[in-house]
2 protein chains.
Amino acid sequence: MGIKQTFGQKVNALRKGKGLSQEDLSEKSGINRPYISAIEQGKRNVSLEVMEKLAEALEIHIKVLFEE
Amino acid sequence: MGIKQTFGQKVNALRKGKGLSQEDLSEKSGINRPYISAIEQGKRNVSLEVMEKLAEALEIHIKVLFEE
DNA sequence: TTGTAGACTGCCGTCGACA
DNA sequence: ATGTCGACGGCAGTCTACA
């Protein structure tokens, strides 16, 4: 499992835990929905700024995205 | 302070804590030295894969890069 | 609701060189 | 030992559209 896959699974789990759809997360984060879909599938090499937007939208600290 | 600056300062602090030069970190991580310089100055929007290489070279878990 | 495709712009990340 | 520059290929991130 690469880091992109691990990261994607974490985003997916946190999003579902909040009861949000990809569309919801897209609107809250300002990131387009197809890109969020690809991120959750571990296909994208996400950057710091996107990670920050995701964390804000999920109402968590960025470091949570890297906890087991 | 943006996230890029915060991240860069963390890398700088961890590197110095290990007694490494940018050149040392460059060799251990496989990332070119000018880029590491720019990262520490908060000028670059670092990606997941680069973060992973930095964490391995610094012998820490990635999440440490986001702790206060 | 999610995955995927194509086309596009801008920037990540590399490298060699010089202060 | 570090910062900076210029040039470059490749991909991050956007958008529209369709299953």
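Labels below follow one simple rule: chain letters A, B, ... track the order of the sequence lines, proteins then strands, and each chain is numbered from 1.
- Candidate nucleotides dG13(D), dG13(C), dA1(D) were compared by shortest atom distance to the side chain of Asn32(A), and dG13(D) ranks first.
- dT14(C) and dG13(D) have their P atoms separated by 16 Å, with the value rounded to a whole Å.
- Between Ser47(B) and dC12(C), a side-chain N or O to OP1/OP2 separation shorter than 4.0 Å is absent.
- Taking side-chain N and O atoms only, Gln41(B) has no distance below 4.0 Å to OP1 or OP2 of dT2(D).
- Between Ile39(A) atom CD1 and dC11(D) atom P the separation is 17 Å, expressed in whole Å.
- Rounded to whole Å, atom C1' of dT14(C) lies 13 Å from atom CZ of Arg33(B).
- Remark: Ser37(A) is in phosphate contact with dG3(C), judged by side-chain N or O atoms under 4.0 Å from OP1 or OP2.
- Looking at heavy atoms from C-beta onward, Leu65(B) lies in side-chain contact with Leu14(B) at the 4.5 angstrom threshold.
- Gln22(A) has its CD atom 14 Å from the P atom of dT14(D), to the nearest Å.
- In this structure, Tyr35(A) reaches the dG13(D) phosphate: one of its side-chain N or O atoms is under 4.0 Å from OP1 or OP2.
- Listed pair Lys43(A) / dA12(D) fails the phosphate criterion, with no side-chain N or O lying under 4.0 Å from OP1 or OP2.
- Using a 30° and 60° split on the angle between ring planes, Phe7(A) and Phe66(A) fall in the tilted class, from 30° to 60°.
- Taking atom CG of Asn45(B) as the reference point, atom P of dC11(D) lies 17 Å away to the nearest angstrom.
- Both Val46(B) and Pro34(B) lie close to DNA chain C; mapped to their nearest nucleotides by heavy-atom distance, the more 5′-ward contact belongs to Val46(B).
- For Arg44(B), no side-chain nitrogen or oxygen approaches OP1 or OP2 of dA12(D) to under 4.0 Å.
- Glu23(A) and Arg33(A) make their closest contact through OE1-CD, 3.7 Å (heavy atoms, listed as atom of the first residue, atom of the second, distance).
- For Lys53(B), no side-chain nitrogen or oxygen approaches OP1 or OP2 of dG13(C) to under 4.0 Å.
- Between Leu25(B) and Leu54(B) the shortest side-chain heavy-atom distance falls below 4.5 Å.
- Distance Leu25(B) CG to dT2(D) C1': 13 Å, rounded to the nearest Å.
- For the pair Ala38(A) and Glu49(B), nearest-nucleotide mapping onto DNA chain C gives the more 5' position to Ala38(A).
- Atom CD of residue Gln22(B) and atom CG of residue Asn12(B) lie 7.5 Å apart, to the nearest 0.5 angstrom.
- Between the C1' atom of dT1(C) and the CD1 atom of Ile36(A) lies a distance of 13 Å, rounded to the nearest Å.
- Glu27(B) has its CD atom 14 Å from the P atom of dT14(C), to the nearest Å.
- At least one side-chain nitrogen or oxygen of Arg15(A) sits closer than 4.0 Å to the OP1 or OP2 atom of dT2(C).
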